[in-house]
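Below is one structure, written out as C-alpha cells; comments come after it.
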Amino acid sequence: MFFERLPVDLIAEILGALDLDSLIQMSYVSKRFYLVASEPSLNPWRKPVMRNLRSHSYDPALKHLSVRTTVPRQNWIDILALASPSFILFEATLPNLKASEWEECFKRRFLPSWEKWKKETSWKEAFLKILHRVWHRSVSSCTTDEAWTKYIVLNRSGTANELEMSSRNYNPLTIFNEMKLQNNLSHLETRVRQLVLELSDVRILAFGVLVKPRSDFSVNPNAHLFLNPPGISPGSSGGNALSKLTQKNNSSGLIDDHGVYPCSSSMVPSVLFKEYRNPSATYRRLTHPEPAPSHANYPFYTPGGEDLRWLDLEEMEEKGLHWVGGLLITAQLIGSPRDTENLFGRNQYASFSWQDLWAIAPWMREAISKQINGAGLGN
C-alpha cells in the first residue's frame, strides 16, 4: 500500500489527525503502523488526546486507553494532569506508572503548597487522595480536610501578608469589603480580575479597586505588577497575539528583558515610577503547575478571549485609572469544567500561600519589600 511507504514521521502526522477510535483501529492494521503508533518519539496519540482534554468531551476510547500497548505512557501524564477529577477517579482505567511519573503528574496538576498532604505516602497515593479531596470539596461544602484557608494580600506600601480564615466562613468578597472599609474605599466598586490564571482544579482570582486616585500614596504598584508582568502585553493585532517580546523569544519561551514598570509614566504617578529589572531572571511559560488551555501561555498572553488580565488596560491608559488600596489573591476550586458563567455560584476555596505565589508569579519576589505571616505590619 502506498500509504505504508511514506516516511514514518509523515505517517505519524496523518495518524495524529484521526480521532481516537480510528487511530486505535489503524494502529493494528499492519506491523508498520503498529511500530509508528507505539514509538514514543513519534507519538501520534498526543494530538487526539489533547483535543479531548481541551474540549472536555472525552471519547469512550479515552477511558481505557491505558490497556493499549501501542499507546506510550507519556500520554497519561498529560491526561492525569489536565483531565477532570471525576473522569480520572470514576471512569478511566489508570495506567501503571513509575513513582517519578506520578510525581510529575502531581506537580503539574496541583499548587506547590499542596505537597504538605503527601507526608509518608507514595506519589500515586498522594495524587489520588488529593484529587478525591478536590472533587469532594468542589461538589459539597465539606471543609474537614482543610479547616483554614490561606490567602495573600498585596499592600499599597509594597509589603504583603499571608492571612488565613476558617474555611467554613471564608468568603473573599466579604473579607475584601472589610479591607475597603478600613482603607476608606467602601464607596468604590470592587473589581474581580476573573481568571488571573486557571489550572485544572483551581482558578486564581484577584480582588481590587480600580479608580482614578486622589493621591499618589493610595496607588498600589504591586497590584499592577502582579496582574500585568512588565514586558508582557497582548499583541497589537486585535489583542489576539503574543507580545512582541514573546514572539521574539517564542522558540525558548523566555524573555530576558523584563522591561520597565509601568510602561509609561501615565500608568502610575511619577513618585511611584520604578524600574523592575533582573537580568539573571527570565520569564518562562508556567509548567508546574500546568495552566488550563485557556491560559496555556501564562504568564504570556494566551489568545482566545479568556485571558482577561489586560481587560482594563485601555481604560487605565485613557482615564488614568490605577489599582488603589490592597489586592486580595485567592484560589477558588472549579466545581465543573470551565464553570465561568457562575463564578461565585459555589464558595469552595483552597489555600493560596507564599509558595504558590512564587510559583505562578516569581517576578513578585523582588517587588514585595516584606513578607508578613499573619496580620499586622510585621514589626
Side-chain angles (χ1 to χ4, degrees), residues 3-4 8-9 11-110 121-139 199-201 287 289-294 296 334-339:
F3 187 23
E4 290 194 353
V8 291
D9 54 343
I11 294 176
E13 187 71 22
I14 296 171
L15 292 178
L18 301 175
D19 59 79
L20 282 176
D21 278 322
S22 300
L23 180 52
I24 290 171
Q25 295 176 30
M26 286 296 293
S27 66
Y28 293 103
V29 165
S30 68
K31 184 176 180 180
R32 183 171 176 80
F33 286 171
Y34 182 94
L35 293 174
V36 170
S38 58
E39 173 54 48
S41 61
L42 297 174
N43 194 17
W45 302 90
R46 178 171 173 76
K47 288 184 178 180
V49 164
M50 293 304 296
R51 286 197 296 269
N52 273 260
L53 297 175
R54 291 186 180 116
S55 66
H56 300 282
S57 55
Y58 307 127
D59 291 343
L62 187 66
K63 297 180 182 180
H64 309 297
L65 203 61
S66 63
V67 303
R68 305 286 177 181
T69 58
T70 54
V71 182
R73 300 292 92 180
Q74 65 206 56
N75 292 289
W76 270 95
I77 296 179
D78 292 326
I79 295 171
L80 292 171
L82 296 173
S84 68
S86 59
F87 173 79
I88 296 173
L89 293 171
F90 309 122
E91 298 182 53
T93 301
L94 298 182
N96 183 22
L97 300 178
K98 300 176 182 177
S100 59
E101 292 171 326
W102 281 109
E103 180 182 2
E104 176 71 8
C105 294
F106 187 103
K107 294 184 175 180
R108 280 179 59 178
R109 183 169 190 117
F110 302 125
T121 62
S122 66
W123 283 107
K124 178 181 179 180
E125 183 178 350
F127 178 90
L128 294 177
K129 276 187 175 180
I130 294 179
L131 192 65
H132 191 275
R133 287 177 177 175
V134 167
W135 172 82
H136 179 63
R137 288 198 63 195
S138 67
V139 298
L199 307 174
S200 296
D201 303 304
T287 58
E290 183 172 353
S294 60
I334 300 174
S336 59
R338 311 305 170 256
D339 180 21

Which atom of [X] lies closest to which atom of [Y], heavy atoms considered:
X	Y	value
Pro72	Pro40	CG-CA, 3.9 Å
Asp9	Leu42	CA-CD2, 4.1 Å
Phe87	Ala83	CD2-CB, 3.9 Å
Trp102	Lys124	CE2-CG, 3.5 Å
Ser84	Arg109	C-NH2, 4.0 Å
Ser41	Glu39	OG-OE2, 2.8 Å

Hey, is the main chain of [Y] close enough, under 3.5 Å, to the side chain of [X] for a donor-acceptor pair?
X	Y	answer
Arg73	Ser66	yes
Ser200	Ala81	yes
Trp45	Thr70	yes

Just wondering, are more than 12 heavy atoms of other shown residues or ligands nearer than 6.0 Å to CZ in Arg46?
-> no
May I ask you to check whether over 12 heavy atoms, not counting those of Glu13, lie within 6.0 Å of atom CD?
-> no
So Phe90 and Trp135, would you call those rings parallel, tilted or perpendicular, with 30° and 60° as cut-offs?
-> perpendicular
Would you call the rings of Trp123 and Phe106 parallel, tilted or perpendicular, where under 30° means parallel and over 60° means perpendicular?
-> perpendicular
Would a 4.5 Å heavy-atom cut-off, applied to side chains only, mark [X] and [Y] as touching?
X	Y	result
Leu82	Met50	yes
Leu199	Phe110	no
Leu128	Leu94	yes
Tyr28	Phe33	no

Worked verdict on Tyr34 versus Val29 for side-chain contact (heavy atoms from CB on, under 4.5 Å) = CA-CA 7 Å; Tyr34 182 94; Val29 165; over 6 Å; no
To the nearest 0.5 Å, what is the distance between [atom1] ([X]) and [atom2] ([Y])?
X	Y	atom1	atom2	result
Asn43	Gln74	CG	CD	4.5 Å
Glu290	Glu104	CD	CD	9.0 Å
Ser27	Leu35	OG	CG	11.0 Å
Ser122	Lys129	OG	NZ	9.0 Å
Leu97	Ile77	CG	CD1	6.5 Å
Ile79	Leu65	CD1	CG	5.5 Å

Yes or no on side-chain contact (heavy atoms from CB on, under 4.5 Å) for Val49 and Trp76, after CA distance, side-chain angles and deciding distance?
-> CA-CA 9 Å; Val49 164; Trp76 270 95; over 6 Å; no
Does the side-chain contact (heavy atoms from CB on, under 4.5 Å) test come out yes or no for Val36 and Leu15, once each step is laid out?
-> CA-CA 9 Å; Val36 170; Leu15 292 178; 4.2 Å; yes
Please list every donor-acceptor pair under 3.5 Å in which a side-chain atom of residues 18-25 meets a protein atom from a residue at least two apart or in another chain.
residue: Asp19; atom: OD1; partner: Asp21; partner atom: N; Å: 3.1
residue: Asp19; atom: OD1; partner: Ser22; partner atom: N; Å: 2.9
residue: Asp19; atom: OD1; partner: Ser22; partner atom: OG; Å: 3.2
residue: Asp19; atom: OD2; partner: Ser22; partner atom: OG; Å: 3.1

